[in-house]
There are 2 protein chains.
Amino acid sequence: MRPPLDLEHIVTRALALLDAYGLASLTMRSLADDLGIRPSALYWHVENKQTLLAAVADRIVSSASASAELGVGVGAAARAVRAALLAHRDGAEVVLSSAALGLGGLGVAERMRDALGGDGQELAAQVLAQFVLGHASLVQQRIQAATLGAYDADPDAVAHEFDEQFDAGIDALTRGLAITAR
Amino acid sequence: MRPPLDLEHIVTRALALLDAYGLASLTMRSLADDLGIRPSALYWHVENKQTLLAAVADRIVSSASASAELGVGVGAAARAVRAALLAHRDGAEVVLSSAALGLGGLGVAERMRDALGGDGQELAAQVLAQFVLGHASLVQQRIQAATLGAYDADPDAVAHEFDEQFDAGIDALTRGLAITAR
DNA sequence: ACCTGAACACCGTTCAAGT
DNA sequence: ACCTGAACACCGTTCAAGT
């Protein structure tokens, strides 16, 4: 007799399947299979697929907190969030499309707000979150396109270009938004 | 006897259905229904749903060209692209997720490059495109959440906040990326 | 050239019923 | 409390066949 499932474990397995096979293959049926239950049993633990994905998004964003502790600069916090998004297959897409529910997506802006100090920096936090999510989404799009074969160039060179673009964007935004670096 | 369909018309109807019912409801079956054919007939005109959506994305981005003619500033070009994305339901998501195929999503960076002058501004064009797409995606996420009921505040106030954020972001980027305004 | 008919291999979700 | 069984109403896509 297997112990009953809890949401934590379900999210853990969902994230593992996401990393292994990608978002398109992460179905309620494949997840149930992985957990050794029937698909319908998932609906005792979770309201629907959308909220499950929001919980996965939350987990992804939260994983950036270890590296981005209080007191780090905005740039470091942004880099930590970017790394967390890119660390999981289709991570940016999952987080971006769960933003509506308050989980996951809002978390990115929250993290930026924390790193900024919090008072009167709401606008800057939102702008930074918008850039980080747009950037990470396009990076992962490109990675996927390359995986599917269609693309041209040396992956290392491409990765380096993206790194440059991210740094340039964060740099311009932190300076241009008149953020008091700490 | 209806005249045979062409891709132009198919994309036009797909865009109309997108505006009317949203991306989740835009299926090959509903599109075929709208066109008065069977779903399988669509596959004579189009390789698969993904490339169809890429053509829709292309159309959305292209619709920004009328307002963003050659010679306008980067800010005006960015505003035109943003307006085009927000003019269609789920427009940002469609464009963002088609970016991998070279159509649609790449088009945003292209447009930025054109407005910038084109030589040695590749990095700036990419960074601007990343911000514009991230921003528009989050705006539409929020709109959708509000439509589904869950949300709080005065829509006009929210819209104004997003406008401010966009302007602040574009302003900071154009200045911070050392772009020669024209 | 352009489209239909029929099928294949899937989805998310609901709900009564079991234990 | 937690899960199964069976069903409902869908998907995208393929392919032989019609005209």
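Note that these values count all heavy atoms, side chains included, but never hydrogens, waters or copies made by symmetry. Since we're looking at a predicted model, the values are computed, not measured. A, B, ... follow the sequence lines: proteins, then strands. Residue 1 opens every chain.
- In this structure a side-chain-to-backbone donor-acceptor pair under 3.5 Å is present from A/Q140 to A/A92.
- Of the residues near DNA chain D, A/R29 and A/P39, the one whose nearest nucleotide (by heavy atom distance) lies more toward the 5' end is A/P39.
- Rounded to an integer number of Å, the gap from A/K49 NZ to C/dT13 P is 8 Å.
- With D/dG5, D/dT13, C/dG5 as the candidates, the nucleotide lying closest to the side chain of A/R38 is D/dG5.
- Under the 3.5 Å distance criterion, the side-chain polar atoms of B/S98 are left unmatched by any main-chain donor or acceptor of B/V95.
- Among the nucleotides D/dC3, C/dA6, C/dG12, the one closest to the side chain of B/S40 is C/dA6.
- B/L31 has its CG atom 14 Å from the C1' atom of D/dC11, to the nearest Å.
- Taking the P atoms as reference points, D/dA9 lies 22 Å from C/dC10, given to the whole Å.
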| Reading DNA chain D 5' to 3', what string of ( ), [ ], | and . shows its pairs, if Watson-Crick and G-U wobble pairs count only when both distances fall under 3.5 Å? | ||.|||||...|||||.||
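- For B/H45 and C/dC3, the shortest distance from a side-chain N or O to OP1 or OP2 is below 4.0 Å.
- A donor-acceptor pair is defined here as one N or O able to donate and one able to accept, closer than 3.5 Å; no such pair exists between the side chain of A/R113 and the backbone of A/Q121.
- With hydrogens and angles ignored, the 3.5 Å screen pairs no side-chain donor or acceptor of B/R38 with any backbone N or O of B/A32.
- For the atom pair NE2 of B/H45 and CG of B/L52, the computed distance is 11.0 Å after rounding to the nearest 0.5 Å.
- Within residues 8-22 of chain A, no residue is approached by DNA chain D to less than 4.0 Å at the level of any non-hydrogen atom.
- The CG atom of A/N48 sits 16 Å away from the C1' atom of C/dC15 (whole-angstrom rounding).
- Considering all non-hydrogen atoms of both residues, A/M112 and A/A129 come closest at CG-N, 4.2 Å.
- In the interface, the side chain of B/T27 is not paired with the base of D/dG12 through any donor and acceptor atom under 3.5 Å apart.
- Between the side chain of A/S30 and the main chain of A/T27, a donor-acceptor pair closer than 3.5 Å is present.
- Distance from the side chain of A/M28 is smallest for C/dT13 among the nucleotides D/dG12, D/dC3, C/dT13.
- Using cut-offs of 30° and 60° on the angle between ring planes, the pair B/F166 and B/F131 is parallel.
- Of the two residues near DNA chain C, A/Q50 and B/G36, the one whose nearest nucleotide lies more 5' is B/G36.
- Considering only side-chain atoms of A/Y43, the nucleotide from C/dC3, C/dG12, D/dT4 that sits closest is C/dG12.
- If you measure from atom CH2 of B/W44 to atom P of D/dA16, you get 18 Å, rounded to the nearest angstrom.
- At whole-Å resolution of the value, CG in A/D33 and P in C/dG12 are 12 Å apart.
- Counting all heavy atoms, side chain and backbone alike, B/A77 lies closest to B/A115 at CB-CB, 3.6 Å.
- Taking atom CG of A/L42 as the reference point, atom P of D/dC3 lies 10 Å away to the nearest angstrom.
- Salt-bridge formation is not detected for the pair A/R13/A/D33: no Lys NZ or Arg NE/NH1/NH2 atom is positioned less than 4.0 Å from an Asp or Glu carboxylate oxygen.
- Across the protein-nucleic acid pair, A/D6 atom CG and D/dC3 atom C1' stand 15 Å apart, rounded to whole Å.
- Between B/I37 atom CD1 and C/dA6 atom C1' the separation is 17 Å, expressed in whole Å.
- Distance noted for atom C1' between D/dC3 and C/dC15: 13 Å (whole Å).
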